[in-house]
Amino acid sequence: MRMLDCGAVQERYTDFIENTLQGDEQKLVEEHLAKCPPCQSLFKKLDTILQQLHSLPQAKTSSDFNQKLLTRIQEPGTDTLWTKVYHSPVARLGTYAAAAGLVVALLFTRWMEPVTNPDALPNIANTPQPDATSPVLAEEIDSSFSGTNDSLELTSPNNYIDPQKLQLVNENR
Amino acid sequence: MTEDQSTRLTDEQLIAQFQGGHEPAFIELVDRYKDRLLNFVYRFINEMEEAEDIVQETFLKVYKNRHAYREIAKFSTWIYTIAGNLARSELRKRKRRQTYAMSDLGYEDREFNPVDTGAQPEDVVFNEFTGEEIQKAISNLTEPFKTIIILRDIQELSYEDISTILDIPMGTVKSRVNRARLKLQEMLKHLKE
């Protein structure tokens, strides 16, 4: 038959007085207590201490506790900016309106920029494009003409005409 | 808000009103908790004036951070957590300034030693202790035991609330309560010897 030693019984004091021991443990503790005066005495002492703890005198706050607290609350810096804004519906509405206005302004700036400031973004229309009728290009083509027949053939290996070269040709004129 | 109306509201309803800007709700919460918290903190730090100051600090934190409260936990566990943290901070500040007779080993480092019931002299008369003796014995407990004795046996909070406040499992709360009680009994026995 299972028995509990003093240590095991003492570990179960709280569950024993609250009647929350599982299975046959409640009975095992009772049986141990019946045969162990020291554990019986300990349990009684613990009961007494608990009763005293439950009935300790309750201190009260001073009569001006609330007043002192309110004074501290009213000191500058007690309320954070956020709590002040959140606290006031008008301030909250104003903050939301300002935030919405900022978002709208940013979006407006972003979308309007290509129309009001065409130089801000690279625009393919502004990039000088080779023009077959321009004299510069004609000269480039002429200088690379190597054929004896009437067909034009570019001698540059990748058939690329460098716009910088075109500009130089213009300047050299 | 009349007194009758305010007494019908729960703590959670009051804090919600306060979050909405109704300051009398805050005052009602102060009135409900100031004495309870004072007793809690006093038992912890063993000084009345300083305990009241810590309770003031607790309510200041509630005032400033009211929007941080969410109704996931009870208001009572929230405010007890704040007060407990402030009390613990104060105690740690003192520890740095003082030396203690008791070992600073934490709860986890201590083995459970059953009370040596066989060694108790049979002729020691067990008398009730004075409030001062009990307070002294509580002060001499290590922090985990002190906290749990105060919350469970003096403040009479539920295991569930204590579990939330201390952020420990319910099973741990119960076993710690038991060990704290045994430890307190040992302390009181030493005071009488």
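What's counted below: heavy atoms across the whole structure, side chains too, no hydrogens, waters or symmetry copies. A note on names: the letters A, B, ... follow the listed sequences, proteins ahead of strands, and every chain is numbered from 1. This one's a predicted model, so the numbers in the text were calculated from it and none came from an experiment.
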Min side-chain heavy-atom separation B/V30-A/F65 under 4.5 Å
yes

Could you give me the CA-CA distance, side-chain angles and deciding distance for B/R179 and A/E11, then say whether side chain to side chain contact (heavy atoms under 4.5 Å, CB included) is met?
CA-CA 7 Å; B/R179 292 183 187 202; A/E11 274 184 353; 4.3 Å; yes

Between OG1 of A/T14 and CZ of B/R152, what distance do you get to the nearest 0.5 Å?
8.5 Å

Between B/Q185 and A/Y13, does any side-chain donor sit less than 3.5 Å from a side-chain acceptor?
no

Which bit of B/I149 is near chain A, if near means a heavy-atom gap under 4.5 Å: side chain, backbone, both or neither?
side chain

Give a yes or no on whether B/D167 atom CG has more than 12 heavy-atom contacts from other residues, nucleotides or ligands under 6.0 Å away.
no

Correct closest heavy-atom pair for B/L60 and A/R72 would be CD1-NE, 3.5 Å

Spacing of B/K189 atom NZ and A/K45 atom NZ [to the nearest 0.5 Å]:
6.5 Å

What is the distance from atom CG of A/L69 to atom OH of B/Y63, rounded to the nearest 0.5 Å?
9.5 Å

From B/D153 CG over to A/L50 CG, what is the distance, rounded to the nearest 0.5 angstrom?
5.0 Å

For the CD atom on A/E18, are there more than 12 heavy atoms of other groups (residues, nucleotides or ligands in this structure) within a distance under 6.0 Å?
yes

For B/I138, is it the side chain, the backbone, both, or neither that has a heavy atom closer than 4.5 Å to a heavy atom of chain A?
side chain

So which of A/L70, A/L53, A/T20, A/D15 has the biggest tally of heavy-atom pairs under 4.5 Å with chain B?
A/L53

CG of B/L188 to CD1 of A/I49, rounded to nearest 0.5 Å, is 5.0 Å

Donor-acceptor pair, distance only, cut-off 3.5 Å: does the side chain of A/Q52 make one with the backbone of B/F129?
yes

Those residues of residues 39-55 of chain B, ordered by number, that approach chain A below 4.5 Å (heavy atom to heavy atom)
B/N39, B/R43, B/M48, B/E52, B/D53, B/V55

Counting only heavy atoms closer than 4.5 Å, note whether A/Q51 contacts chain B via side chain, backbone, both or neither.
neither

Shortest non-hydrogen contact between A/T61 and B/L38, atoms and distance
N-CD2, 3.6 Å

